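A short write-up of the structure that comes next.
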Amino acid sequence: MERYLLMSNEQLHEMQQNNAFFEVQRWLNNSIFTWTWWFVLGILVIPWCIAVILIDRKRAHSIWFFGLVVLIITSFIDDLGAEIGIWVYPVKLLPYSLIAFPFDFSIIPVAQMLIFQYFSTWKTFFLALVLQAITFAFIGEPFSVWIEAIAYYGWNYFYSFLFYIFTGTFSRAFVNYWTPKA
């Protein structure tokens, strides 16, 4: 560990370049055009196609604001979890992309945006959020582990369930506070 603390900038740069080369090779040899890669691509594209059709354009600003808050939270937590080794995404959509780009920038925010749009009271919103959290944490994530789109190390599905609840609840409270009331 001490050895890494004494590294020069040039040594650190060389390690980063080696890692970048490794990522491209890994992507070309193990990721692109595998069926898991196609699944990850679908997770990115399909939710946005649904969102474009279903988003209420009269409330679009607050719905997009809500989705942006969810996106920021999920990407930050996903990146943090990967950095500290709690999970790994073996198949990436692109070799140089955010860790869980399709999950954090598509399926999670879109699902929660639609909940935000269709369930206007806190009670109905929370119930829908719980159903989404159950579906994602106890069905979607085990499936993603099974197809090797993600691997967990010291993380469990119940933590994800709580994370989805927290993310949606916090995002709604934040947006409600900052959005002008009609």
Side-chain angles (χ1 to χ4, degrees), residues 4 7 9-55 60 63-117 132-133 135-157 159-161 163-164 166-168 170-171:
Y4 293 110
M7 294 180 90
N9 290 341
E10 288 76 23
Q11 290 170 314
L12 180 59
H13 180 249
E14 183 179 338
M15 283 179 63
Q16 288 174 326
Q17 285 184 315
N18 289 339
N19 186 54
F21 177 78
F22 170 77
E23 283 297 323
V24 168
Q25 292 305 309
R26 187 174 69 90
W27 184 73
L28 289 171
N29 295 323
N30 302 322
S31 293
I32 191 166
F33 304 131
T34 63
W35 77 279
T36 303
W37 183 88
W38 286 106
F39 169 78
V40 171
L41 179 63
I43 292 259
L44 177 65
V45 174
I46 294 168
W48 285 115
C49 292
I50 294 168
V52 167
I53 295 166
L54 297 178
I55 292 291
I63 294 167
W64 284 105
F65 181 31
F66 174 85
L68 180 61
V69 173
V70 170
L71 186 149
I72 290 168
I73 293 169
T74 57
S75 357
F76 175 78
I77 296 300
D78 234 334
D79 190 53
L80 177 64
E83 287 286 331
I84 62 175
I86 296 174
W87 48 71
V88 171
Y89 290 91
V91 175
K92 289 169 67 175
L93 192 58
L94 300 169
Y96 305 124
S97 64
L98 297 173
I99 297 295
F101 180 70
F103 296 95
D104 299 339
F105 280 68
S106 186
I107 195 165
I108 297 169
V110 168
Q112 292 200 354
M113 286 165 62
L114 292 174
I115 290 170
F116 179 78
Q117 173 178 307
Q132 179 256 328
T135 303
F136 279 29
F138 301 115
I139 297 171
E141 289 189 22
F143 178 75
S144 294
V145 168
W146 181 70
I147 67 166
E148 298 180 351
I150 189 169
Y152 288 131
Y153 302 95
W155 185 260
N156 69 56
Y157 304 128
Y159 299 155
S160 294
F161 170 78
F163 172 74
Y164 294 125
F166 168 79
T167 302
F170 174 83
S171 298

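Everything numeric here is computed off the predicted structure, so don't read it as measured data.
A 4.5 Å side-chain heavy-atom check between I55 and W64 finds at least one atom pair inside the cut-off. Looking only at side-chain heavy atoms (C-beta outward), F39 and F143 come within less than 4.5 Å of each other. A 4.5 Å side-chain heavy-atom check between W37 and K92 finds every atom pair outside the cut-off. The shortest side-chain heavy-atom distance between I73 and S171 falls under the 4.5 Å cut-off. Side-chain contact check for T74 versus F163: some heavy-atom pair is nearer than 4.5 Å. A heavy-atom distance below 4.5 Å is not found between the side chains of F76 and D104. Taking the side chain as every heavy atom from C-beta outward, L41 and L93 approach each other to under 4.5 Å. The shortest distance between side-chain heavy atoms of L54 and L114 falls below 4.5 Å.
The minimum heavy-atom distance between I43 and S106, with the atom names listed, is O-OG, 2.9 Å. Residues Y89 and A100 come closest through the heavy atom pair CZ-CB, 3.2 Å. Smallest separation of non-hydrogen atoms from S31 and P90: OG-O, 3.6 Å. The two residues A20 and Y96 have their closest heavy-atom pair at O-OH, 2.8 Å. The two residues G67 and P109 make their nearest non-hydrogen contact at O-CB, 3.8 Å.
Taking OG1 of T167 as the start and CD1 of I72 as the end, the distance is 12.0 Å to the nearest 0.5 Å. Summarising the geometry, atom CH2 belonging to W87 is positioned 7.0 Å from atom CD1 belonging to I150; distances are rounded to the nearest 0.5 Å. Atom CE in M113 sits 12.0 Å away from atom CD1 in I50 (nearest 0.5 Å). The CG atom of L68 sits 9.0 Å away from the CZ atom of F105 when rounded to the nearest 0.5 Å. Note that CZ of F33 and CG of L28 are 10.0 Å apart. Values are rounded to the nearest 0.5 Å. Atom-to-atom distance recorded for D78:CG and L71:CG is 11.0 Å, nearest 0.5 angstrom.
Between the side chain of N19 and the backbone N or O of M15 there is no donor-acceptor pair closer than 3.5 Å.
For E148, the CD atom counts as loosely surrounded, since its 6.0 Å shell holds 12 or fewer non-hydrogen atoms of other residues, nucleotides or ligands. Taking a 6.0 Å sphere around CH2 of W35, one finds it holds more than 12 heavy atoms contributed by other residues, nucleotides or ligands. The number of heavy-atom neighbours closer than 6.0 Å to CD of Q11, taken from other residues, nucleotides and ligands shown, is above 12. For I46, the CD1 atom is loosely surrounded, since the number of other residues' heavy atoms within 6.0 Å does not exceed 12.
Between W155 and Y159, the ring planes are perpendicular. Angles over 60° get that label, and only those under 30° would be called parallel. Taking the six-membered ring where the residue is Trp, F116 and F66 present parallel rings, their angle staying beneath 30° rather than reaching 60°. Ring planes of F170 and F166: parallel class, angle under 30° (limits at 30 and 60°).
If you check the side chains of Y164 and E141, you find a donor sitting under 3.5 Å from an acceptor.
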Begin with the C-alpha distance, continue with both residues' side-chain angles, and end with the deciding distance and a verdict on side chain to side chain contact (heavy atoms under 4.5 Å, CB included) for Y153 and I86.
-> CA-CA 5 Å; Y153 302 95; I86 296 174; 5.9 Å; no
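The residue from N29, N30, V24 that alone fulfils the side-chain contact (heavy atoms from CB on, under 4.5 Å) condition with R26 is N30.
Annotation: F103 is not in aromatic contact with F136 [ring centroid separation under 6.0 Å not met].
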